[in-house]
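Take a look at the structure set out below.
On a predicted model such as this, the values are computed, not experimentally measured, just so you know.
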Amino acid sequence: MEGKQLQVSYIGYITQTVTLKSTEELTIKMIEDSQNLDEVVVIGYGTQRKGDVTSSVASVKSENFVKGAVKDVGQLIQGKVAGLAITNPSGDPTGNTQIRLRGTSTIGGANTAPLILIDGIPGDFNTVAPEDVESIDVLKDGSAAAIYGTRGTNGVILITTKQARGSEILRVDYSGYISTSHISKKHDMLNASEFAQLYPDYDQGYDTDWVDEITRTPVSHVHNLSLSGGTSRANYIANVNYASRQGIMKRSNFENFRARIEVTQRLFDDKVRLRFGLLGRSDWRESTVSGGSFRGVAYSQATRRNPTEPVRNEDGSWYENLSKFEYENPVALLTEADGDVKNTQLRYNAGITYNPIRDLTLQANYSYNRFVMNRGYSETLNHISARRDGYKGWSSVGSSISVEKLLELTAQYDASIGRNKFTILGGYSYNENNYENIWVDNWGFQDDYFGGWHNIGIGSALKDGKANVGSSKSLTNLIGFFGRATYSYDNKYLLMAALRYEGASQLWGTDNAWGLFPSVSLGWRITQEKFMQDQNIFDDLKLRVGYGVTGSQPRASFLGVAMLRYGSSTDSGSRPSFRHQTPTPTLSGKRRKSST
């Protein structure tokens with residue numbers, strides 16, 4: 001054995017050739033090949049070399065992510081992708097970033113934001129921790145997103161989490177940070193003396209900065225721990241992330257705990273690869289605004305408040321001017337209300353990959369995602385809603401549960417014949433979502449100690465028939481058959497064509513419950529031509545053109561069939577009246593054309 005050479009290679013790492021010197025145990029440390037990783041981008045249901053991509057796809061790797069304190073995955077690529085607008089519409093530390101790809105593409109449809117897939121499974125920017133992300137790929141045009149049918153009409157964002165690689169027995173990574181924030185620029189408003197000079201009749205003699213009264217200097221901290229390791233046959237990775245964030249607004253607090261574990265096992269000479277993953281998430285946020293969410297109501301009131309008015313009266317009660325319409329004490333709004341929102345998510349996913357021959361890959365993936373939300377909110381008897389509007393101790397409580405199932409089966413064949421390279425992909429997708437929710441609003445409590453959303457049933461409004469009680473349930477599914485073919489000749493002339501045939505349950509009963517979504521894109525790598533070999537201006541110059549059709553599904557179900565429902569009112573003991581409706585929507589198609 002001594003003197004012979006051993007070649008070691010692994011996807012994502014530099015191939016190494018080692019000369020054996022003895023029969024003793026040999027340790028080889030793999031070196032990550034960042035250049036090789038950069039050449040691979042994630043597309044729908046697979047990957048492709050960056051040089052072969054003919055549609056509009058943007059790829060951002062972890063080394064190019066936005067550095068610093070980010071609250072979700074979306075902010076990692078803020079300003080990194082042309083045409084992708086990622087904004088934070090409020091100062092709420094719990095609010096999701098708002099994403100729009102090339103503007104709003106859907107009006108009134110079930111989805112108005114891009115489809116977000118985490119390792120191929122639907123989710124959002126809060127599903128995984130930003131520190132647990134390896135790369136993010138954005139499918140921007142119709143030719144790239146059409147393979148996802150109605151879900152891809154607003155673009156597709158593919159998030160790839162970190163994976164265990166190599167054969168290290170154990171690797172431990174920890175990262176953490178502490179951050180703060182402030183209002184970079186306040187509105188230029190009148191102070192107390194300026195206001196008194198302009199409006200002397202409204203001068204109350206005080207000097208109050210209302211924005212300062214409701215804001216603070218927040219402190220947030222995030223901790224991330226990752227464990228990975230394994231052997232050449234089995235790998236694992238586990239990630240735990242804890243975040244405690246404070247918003248600039250007082251009483252805007254948020255805690256989040258996320259954990260993920262994934263295990264991969266290779267069998268039968270690497271022909272079979274099994275993968276199992278478990279993801280858990282639990283978060284809590286403080287809510288002091290009706291409806292269980294932070295809406296900036298207190299800030300809006302602070303910007304319009306008279307700066308010569310006091311926060312409290314001399315007896316300690318809140319200073320309010322009940323005669324003015326929509327004029328409320330912002331400090332009282334935050335103080336005389338209490339509430340929180342608790343979210344719990346548990347996601348299982350499993351997959352099997354089988355290579356019966358070298359060029360054929362068969363894959364099956366299944367995921368089960370369960371998301372539960374519980375919320376509660378109460379206003380005290382000193383709240384303006386009780387003093388002005390008569391809603392003594394207005395309270396609300398509600399909960400919802402969403403269960404999403406996804407099954408996808410794919411088969412892909414790759415081949416090379418001389419200068420010709422091509423791939424053929426075919427697959428089936430089944431996506432089901434079961435959603436239920438219930439809520440109760442009540443008021444008319446005797447005090448702030450025994451009522452509220454923790455004991456909502458004792459309010460008099462419910463007994464008097466004035467309270468609001470409701471519940472709903474919906475079950476939707478989406479079935480799709482899809483295929484894609486790519487072709488490359490001499491790494492110069494490129495072609496990709498895809499087709500998806502999809503049916504949405506919301507359109508059951510109509511003549512257009514199924515839709516066909518084709519796409520095609522062409523590319524020409526000019527720098528590979530002989531007449532470009534002597535130039536030193538371009539490393540890689542490629543022209544491409546793409547065309548694709550995506551669609552949109554309606555929000556509500558059963559719009560295309562006759563339905564019976566109760567009328568506006570019924571008398572006890574009488575027979576209910578029914579209404580009949582038969583609208584006939586269609587599965588709309590949207591065409592996009594892109595070229596560069």
Acceptor/donor pairs from residues 348-358 side chains to any protein atom, 3.5 angstrom cut, sequence neighbours excluded:
residue	atom	partner	partner atom	Å
N355	ND2	L360	O	3.1
N355	ND2	T361	OG1	2.8

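With contacts defined as side-chain heavy-atom distances shorter than 4.5 Å, the pair K80/V66 qualifies. Taking the side chain as every heavy atom from C-beta outward, N154 and R100 never approach each other to under 4.5 Å. Here the side chains of Y368 and L346 are not in contact, with every heavy-atom distance at 4.5 Å or above. Between L101 and V138 there is a side-chain heavy-atom pair separated by less than 4.5 Å. Looking only at side-chain heavy atoms (C-beta outward), K405 and Y366 come within less than 4.5 Å of each other. When side chains are defined from C-beta on, N369 counts as touching Q345, because their heavy atoms get closer than 4.5 Å.
Partners of T486 according to the side-chain hydrogen bond (donor to acceptor under 3.5 Å, both in side chains) rule, which considers only residues two or more places apart in sequence or in another chain, are T423. Partners of Y174 by ring pair (Phe, Tyr, Trp, His ring centres under 6.0 Å), not counting sequence neighbours: none found. Residues passing the ring pair (Phe, Tyr, Trp, His ring centres under 6.0 Å) test with Y45 are Y148, F482, sequence neighbours excluded. Annotation: side chain to side chain contact (heavy atoms under 4.5 Å, CB included) contacts of R419 (sequence neighbours excluded): Y489, D490. Scanning for ring pair (Phe, Tyr, Trp, His ring centres under 6.0 Å) contacts around Y501 gives W514, with sequence neighbours left out.
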Self-check item: Worked check of side chain to side chain contact (heavy atoms under 4.5 Å, CB included) between N433 and S474
Solution: CA-CA 8 Å; N433 196 303; S474 66; 5.9 Å; no
Practice problem: Test E502 against R500 for salt bridge (Lys or Arg N to Asp or Glu O under 4.0 Å), laying out the working first. | Solution: CA-CA 6 Å; E502 189 173 69; R500 187 179 183 100; 2.8 Å; yes
Quiz item: Hey, mind stepping through D137 and S59 against side-chain hydrogen bond (donor to acceptor under 3.5 Å, both in side chains) and telling me if it holds?
Solution: CA-CA 4 Å; D137 298 87; S59 181; 2.8 Å; yes
Self-check item: Worked verdict on T264 versus R273 for side chain to side chain contact (heavy atoms under 4.5 Å, CB included)
Solution: CA-CA 7 Å; T264 302; R273 183 167 67 95; 3.6 Å; yes
Practice problem: Give the C-alpha distance, both sets of side-chain angles, the deciding distance and a yes or no for side chain to side chain contact (heavy atoms under 4.5 Å, CB included) between I116 and I99. | Solution: CA-CA 11 Å; I116 299 175; I99 51 175; 3.8 Å; yes
Practice problem: Any chance you could lay out the side chain to side chain contact (heavy atoms under 4.5 Å, CB included) test for F257 and N241, step after step, and finish with the verdict? | Solution: CA-CA 6 Å; F257 177 82; N241 184 275; over 6 Å; no
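Rounded to the nearest 0.5 angstrom, Y236 OH and L227 CG are separated by 6.5 Å.
Open room surrounds CZ on R370; 12 or fewer heavy atoms of other groups in view lie less than 6.0 Å from it. Other residues, nucleotides and ligands contribute over 12 non-hydrogen atoms within 6.0 Å of the CZ atom of F531. Within a 6.0 Å sphere centred on CD1 of I417, heavy atoms belonging to other residues, nucleotides or ligands number 12 at most. The number of heavy atoms from other shown groups lying within 6.0 Å of NZ (K492) is above 12.
The minimum heavy-atom distance between L541 and M532, with the atom names listed, is CD2-CE, 4.4 Å. Scanning all heavy atoms of the two residues, the minimum distance from N477 to S505 falls at N-OG, 2.9 Å. The two residues A129 and V133 make their nearest non-hydrogen contact at O-CG2, 3.6 Å. Annotation for S226 and N239: closest pair CB-ND2, 3.7 Å, computed over non-hydrogen atoms. Taking both residues in full, the closest heavy atoms of D124 and I118 are given as O-CD1, 3.6 Å, listed atom of the first, atom of the second, then distance. The shortest heavy-atom contact between A144 and L139 is O-CD1, 3.7 Å.
Test T160, N365, T161 against D119 for side chain to side chain donor-acceptor pair (under 3.5 Å) and you get one pass: T161. For the pairing with V549, the side-chain contact (heavy atoms from CB on, under 4.5 Å) check across S519, S143, P518 returns one residue only, P518.
The pair R258-D132 fails the salt-bridge criterion, with no side-chain N (NZ, NE, NH1 or NH2) lying under 4.0 Å from an Asp/Glu carboxylate O. The pair D540-K542 does not count as a salt bridge, with every side-chain nitrogen at least 4.0 angstrom from each carboxylate oxygen. Salt bridge present: R171 and D173 bring a charged side-chain N and a carboxylate O closer than 4.0 Å.
A centroid separation of 6.0 Å or more is found between the aromatic rings of F422 and Y487.
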